[in-house]
S.K.: 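Please see the structure below; I have some questions.
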Amino acid sequence: MSQIAVIGAGYVGLVSGAILSDFGHTVTCVDVDENKINCLKEGVIPIFEPGLERIVKNNYYYKRLDFTTDIQSAVENNDAIFIAVGTPPADDGSADLQYVLAVARDIATHMNGYKVIVNKSTVPVGTGQKVKAAVQAILAERGVDYTFDMVSNPEFLREGSAVQDFMHPDRVILGAESDRAISVMKEVYRVLYINETPFVETNIETAEMIKYASNAFLAMKITFINEVANVCEKVGADVQKVAKAMGRDGRISPKFLHAGPGFGGSCFPKDTRALAKIARDCGESISLVEATVAANDRQKLKMVDKIAVALEDLNDKTLAVLGVTFKPNTDDMREAPSLVILPELVKRGAKLKVYDPAGQKEGIWRFADIQDSLTWCDSAYEALEHTDATVILTEWNEFRNLDFDQFKEIGAGAYFFDLRNIYDKKSMVEKGFKYYGVGV
C-alpha cells in the first residue's frame with residue numbers, strides 16, 4: 001500500500017485519486033478551492049462522471065480517501081505526489097504551465113525526504129525537466145539536499161467513461177530516469193500490473209510526447225471522417241457505410257470514425273494546438289495537425305450552413321436544440337461544438353429552445369451573451385414544442401429513442417438535423433421528416 005497525494009481535485013485529479021484509493025492506497029486529494037473540498041467531504045461531486053460518486057463516497061467512508069486544502073501536510077506525509085492541475089491554452093496555443101510550476105514549487109517548499117513527483121497533467125515536452133529545475137531551485141534556497149524523482153504518467157481518460165478507462169487502461173505510460181521511481185510507480189499501479197496491463201517504460205520526454213501524439217492522431221481521425229462525410233454529401237455516398245467498411249480493416253479500427261459537427265472537450269482542441277506550437281518552436285512542420293485544427297473549426301460552421309440552407313431563412317425560426325455538452329455522459333462544455341453553433345444560429349436570426357440532461361448549469365453562463373434568444377427546457381419534448389426544426393448536437397441515449405408520434409401533437413416541425421447520425425435517414429423520411437445528417 002502506498003501513501004499518495006494528488007494535487008488538484010479537478011477532473012483528472014479526482015478520478016485518479018478516487019480510483020487509486022479504490023486500489024487500496026491511502027490517498028489525499030488537495031485543492032485550493034475550500035468550497036470544493038468541503039463539498040467532496042460531504043459526498044457532493046463537482047463533476048458529472050458515471051460511477052465516480054460511489055467510489056468517492058465508499059473510499060472516503062473507509063478512510064482510504066481524504067480531501068484537504070493543506071498542501072504542506074499532504075507533501076510531508078505522502079511518498080508519491082501527483083500533479084493534476086489544469087494546463088489551459090495560452091493565446092498562442094501553447095499550454096500554460098503556471099499552475100504546474102506553482103505546485104512544483106509548493107512541493108519543494110514542504111519536502112522532508114525522498115519523494116516521487118508524478119506529472120499527470122497534459123504538458124508539453126520538456127515540462128518534466130522544468131519541474132525538476134523548479135524543485136531543485138527551491139531546495140537550494142532552503143539549503144537542503146533531499147533526493148526526488150520526476151515521473152511523467154499521462155492520463156488517457158475519456159469523459160463519460162473515465163472510471164472504466166482508469167481501471168482497465170490500454171496501457172500505462174511511465175516516463176522516468178531511475179529504477180527506483182519505476183518501482184514506486186509499479187507499486188502504485190500494482191492492481192493493474194498484476195492483471196498484466198501493458199506498461200510502457202521510457203524517458204520523461206517520450207512519455208510527454210506519447211500523450212500529445214495519441215490525442216492528435218485521434219483528433220485527425222475524427223476530422224478525416226468529417227471531411228469524407230462532407231464529400232459524401234456531394235457525391236451521393238453514405239459516410240456511415242464508408243466508415244463501417246474502413247473500420248473492418250484491422251489497420252484502421254472503427255473507433256473515432258463517427259462523422260459529426262466537430263470534436264470538442266478539454267483535450268483534443270487544446271492538445272492539437274499545443275502540439276502544433278511545440279513543432280513550430282523546434283523548427284519543424286506538423287502540417288497534418290495544423291490542418292486538423294483548421295478543419296475542425298470549419299466543420300462547426302458547416303453545420304450552421306447546413307441548417308440555414310435547408311430552412312432558407314433563419315429569421316424568426318425557432319429551433320429545438322438537443323444537447324450542448326461536447327459528448328454524452330458529461331456536463332463538460334469546454335470547446336463543445338455548441339459554443340460555436342448556437343451563437344451563430346442566433347446571429348442569423350434563430351430563436352433556440354435548448355435541453356441537455358447535464359449541460360444547463362454550465363450552459364447558462366456559457367451562453368449568457370445570447371440568453372435573450374435562448375430558452376432552457378426541462379425535457380426534450382418541452383424543447384420540441386412549437387418549433388420549426390430539431391437539431392441534435394449531442395448523442396445522449398435519451399435522444400436515441402424519441403417518440404416521433406408526439407412531434408405533430410406538440411407542434412414540432414418536420415425539419416430534423418441529426419448532426420450525430422443516430423437515426424436512419426430512410427426511416428426518418430418514411431415518417432415524413434425532412435432529414436439531414438452528416439455525410440448521409
S.K.: Does N401 CG have over 12 foreign heavy atoms under 6.0 Å away?
M.R.: no
S.K.: Tell me, with the steps shown, if L339 and E335 meet side chain to side chain contact (heavy atoms under 4.5 Å, CB included).
M.R.: CA-CA 7 Å; L339 297 178; E335 300 276 357; 5.7 Å; no
S.K.: Could you check S178 against D149 for side chain to side chain donor-acceptor pair (under 3.5 Å), going step by step and ending with a plain yes or no?
M.R.: CA-CA 7 Å; S178 78; D149 276 306; 2.9 Å; yes
S.K.: Is the gap between the ring centers of Y415 and F433 under 6.0 Å?
M.R.: no
S.K.: Measure centre to centre between the rings of Y11 and F48, then say whether the value is under 6.0 Å.
M.R.: no
S.K.: Check the pair V304, L345 against side chain to side chain contact (heavy atoms under 4.5 Å, CB included), reporting the backbone distance first and the verdict last.
M.R.: CA-CA 7 Å; V304 178; L345 288 170; 4.0 Å; yes
S.K.: Around Y193, counting heavy atoms of other residues, nucleotides and ligands shown, do more than 12 lie under 6.0 Å from its OH?
M.R.: no
S.K.: For the CZ atom on R280, are there more than 12 heavy atoms of other groups (residues, nucleotides or ligands in this structure) within a distance under 6.0 Å?
M.R.: yes
S.K.: Nearest 0.5 Å please: distance from the CD atom of E344 over to the CG atom of L314.
M.R.: 9.5 Å
S.K.: In terms of ring plane angle, is the pair F256 and F268 parallel, tilted or perpendicular, where the classes change at 30° and 60°?
M.R.: tilted
S.K.: Counting only heavy atoms from other residues, nucleotides and ligands, does the tally under 6.0 Å from NZ of K36 exceed 12?
M.R.: yes
S.K.: Answer yes when K302 and E227 have at least one side-chain N-carboxylate O distance shorter than 4.0 Å, and no when they do not.
M.R.: no
S.K.: Establish, yes or no, whether a centroid distance under 6.0 Å links the rings of Y435 and Y423.
M.R.: no
S.K.: Is any side-chain heavy atom of T127 less than 4.5 Å from a side-chain heavy atom of E208?
M.R.: yes
S.K.: Looking at K327 and E395, is there a salt bridge between them, counting it only when a charged N and a carboxylate O are closer than 4.0 Å?
M.R.: no
S.K.: Working note: D313 + L311, criterion side chain to side chain contact (heavy atoms under 4.5 Å, CB included); need CA distance, chi angles, decisive distance, verdict.
M.R.: CA-CA 6 Å; D313 184 2; L311 294 176; over 6 Å; no
S.K.: For the CG atom of N329 and the CD atom of E49, what is their distance to the nearest 0.5 Å?
M.R.: 8.0 Å
S.K.: Can you confirm whether the side chains of N230 and Q299 place a donor and an acceptor under 3.5 Å from each other?
M.R.: yes
S.K.: Any idea which heavy atoms bring I37 and T68 closest together, and the distance?
M.R.: CD1-O, 3.6 Å
S.K.: About how many Å separate CD1 of I55 and CG of L65, when rounded to the nearest 0.5 Å?
M.R.: 10.5 Å
S.K.: Between K277 and D92, does at least one N-O distance fall below 4.0 Å, as a salt bridge requires?
M.R.: yes
S.K.: Between the side chains of K300 and D305, is the shortest nitrogen-to-carboxylate-oxygen separation below 4.0 Å, so that they form an ion pair?
M.R.: no
S.K.: Testing Q360, E385, E382 for side-chain contact (heavy atoms from CB on, under 4.5 Å) with C377, which one passes?
M.R.: E382
S.K.: Nearest 0.5 Å, what's the CE-CD1 distance between M209 and I204?
M.R.: 14.5 Å
S.K.: Mind checking whether L393 and L342 have side chains closer than 4.5 Å, heavy atoms only?
M.R.: yes
S.K.: Keeping to residues at least two apart or across chains, list the salt bridge (charged side-chain N to carboxylate O under 4.0 Å, His left out) pairs with something in residues 428-440.
M.R.: none
S.K.: Centres of the F23 and Y189 rings: under 6.0 Å?
M.R.: no
S.K.: Do you see a donor-acceptor pair shorter than 3.5 Å between the side chains of T109 and D106?
M.R.: no
S.K.: How close do A84 and K120 get, heavy atom to heavy atom, and via which atoms?
M.R.: CB-CB, 4.3 Å
S.K.: Can we call the ring centroids of F326 and F263 under 6.0 Å apart?
M.R.: no
S.K.: Could you give me the CA-CA distance, side-chain angles and deciding distance for R366 and R334, then say whether side chain to side chain contact (heavy atoms under 4.5 Å, CB included) is met?
M.R.: CA-CA 9 Å; R366 291 276 191 185; R334 284 175 289 181; 3.4 Å; yes
S.K.: For A207 and T202, which heavy atoms make the closest approach, and how far apart are they?
M.R.: N-CG2, 3.8 Å
S.K.: Step through the shown structure and confirm whether more than 12 heavy atoms of other residues, nucleotides or ligands are within 6.0 Å of NZ on K221.
M.R.: yes
S.K.: Give a yes or no on this: more than 12 heavy atoms of other residues, nucleotides or ligands lie within 6.0 Å of atom CZ of R54.
M.R.: no
S.K.: How long is the span from the OG1 atom in T272 to the CG atom in L218, to the nearest 0.5 Å?
M.R.: 11.5 Å
S.K.: Roughly how far apart are F199 CZ and R171 CZ, rounded to 0.5 Å?
M.R.: 12.5 Å
S.K.: Who are the side chain to side chain contact (heavy atoms under 4.5 Å, CB included) partners of A380, not counting sequence neighbours?
M.R.: L322, Y355, F399, L402
S.K.: Check S121 against T87 and note the closest heavy-atom contact, atom names and distance.
M.R.: CB-CG2, 4.1 Å
S.K.: For the residue pair N119 / S152, report whether a side-chain donor-acceptor contact shorter than 3.5 Å exists.
M.R.: no
S.K.: A side-chain contact here means heavy atoms from C-beta on lying under 4.5 Å apart; do L352 and T375 qualify?
M.R.: no
S.K.: Could you point out which residue of N78, V188, V151, I4 forms a side-chain contact (heavy atoms from CB on, under 4.5 Å) with V116?
M.R.: V151
S.K.: Give the minimum heavy-atom separation between A9 and L14, together with the two atoms involved.
M.R.: O-CB, 3.9 Å
S.K.: I'd like to know whether CZ of F156 has more than 12 heavy-atom contacts from other residues, nucleotides or ligands below 6.0 angstrom.
M.R.: yes
S.K.: Quick one: closest heavy-atom pair of N215 and C267, and the distance?
M.R.: ND2-CB, 3.7 Å
S.K.: Mind checking what makes side chain to side chain contact (heavy atoms under 4.5 Å, CB included) contact with V228, not counting sequence neighbours?
M.R.: F224, I225, C232, V239, V242
S.K.: Between E290 and R273, is the closest basic N to carboxylate O distance under 4.0 Å?
M.R.: no
S.K.: With a 6.0 Å cut-off (strictly less than), is the heavy-atom count around CG of D249, excluding the residue itself, greater than 12?
M.R.: yes
